[in-house]
Amino acid sequence: MAEKEFKCSQCDLPEGRCACEKYCCLCQNMEGVRLVGDGLYYCTDCREACDYKTQEEIA
Ligand SMILES: [Zn+2]
Ligand SMILES: [Zn+2]
């Protein structure tokens, strides 16, 4: 099976095709927001704080 692709929990599309408004689900920051494995978007600070990884970071 191919590597698991992260998908947006709202639209079920991968990050590159997701057209949802992207903001950090914890702090509402809109800068540096990336999708992580739970299908939600987090800013850089929150990803570091929670040890969440983007698709490229786990590959
Ligand atoms: Zn989406
Ligand atoms: Zn945040």
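Just so you know, ligand 1 is whichever comes first in the structure, and atom 1 is the first atom listed for that ligand.
Residue pairs satisfying the side chain to side chain donor-acceptor pair (under 3.5 Å) criterion with at least one member in residues 12-31, sequence neighbours excluded, are listed as follows: E15-R34. Note on residues 43-54: pairs passing side chain to side chain donor-acceptor pair (under 3.5 Å), not counting sequence neighbours, are D51-K53, T54-E57.
Protein-derived N/O/S atoms nearer than 2.8 Å to the Zn ion (ligand 2) total 4, waters excluded. With waters neither drawn nor counted, the protein N/O/S atoms under 2.8 Å from the Zn ion (ligand 1) amount to 4.
For the pair P14 and F6, the minimum side-chain heavy-atom distance is 4.5 Å or more. Within the 4.5 Å cutoff, no side-chain heavy atoms of C27 are placed close to those of Y42.
V33 and C24 make their closest contact through CG2-N, 3.7 Å (heavy atoms, listed as atom of the first residue, atom of the second, distance). Of all non-hydrogen atoms in G37 and K4, the two that sit nearest each other are O-NZ, 4.0 Å. Residues D38 and L40 approach most closely at OD1-N, 3.0 Å, considering heavy atoms. Closest non-hydrogen pair, C8 versus L35, comes out as N-CD2, 3.7 Å.
The distance from atom CG of L26 to atom SG of C46, rounded to the nearest 0.5 Å, is 4.5 Å.
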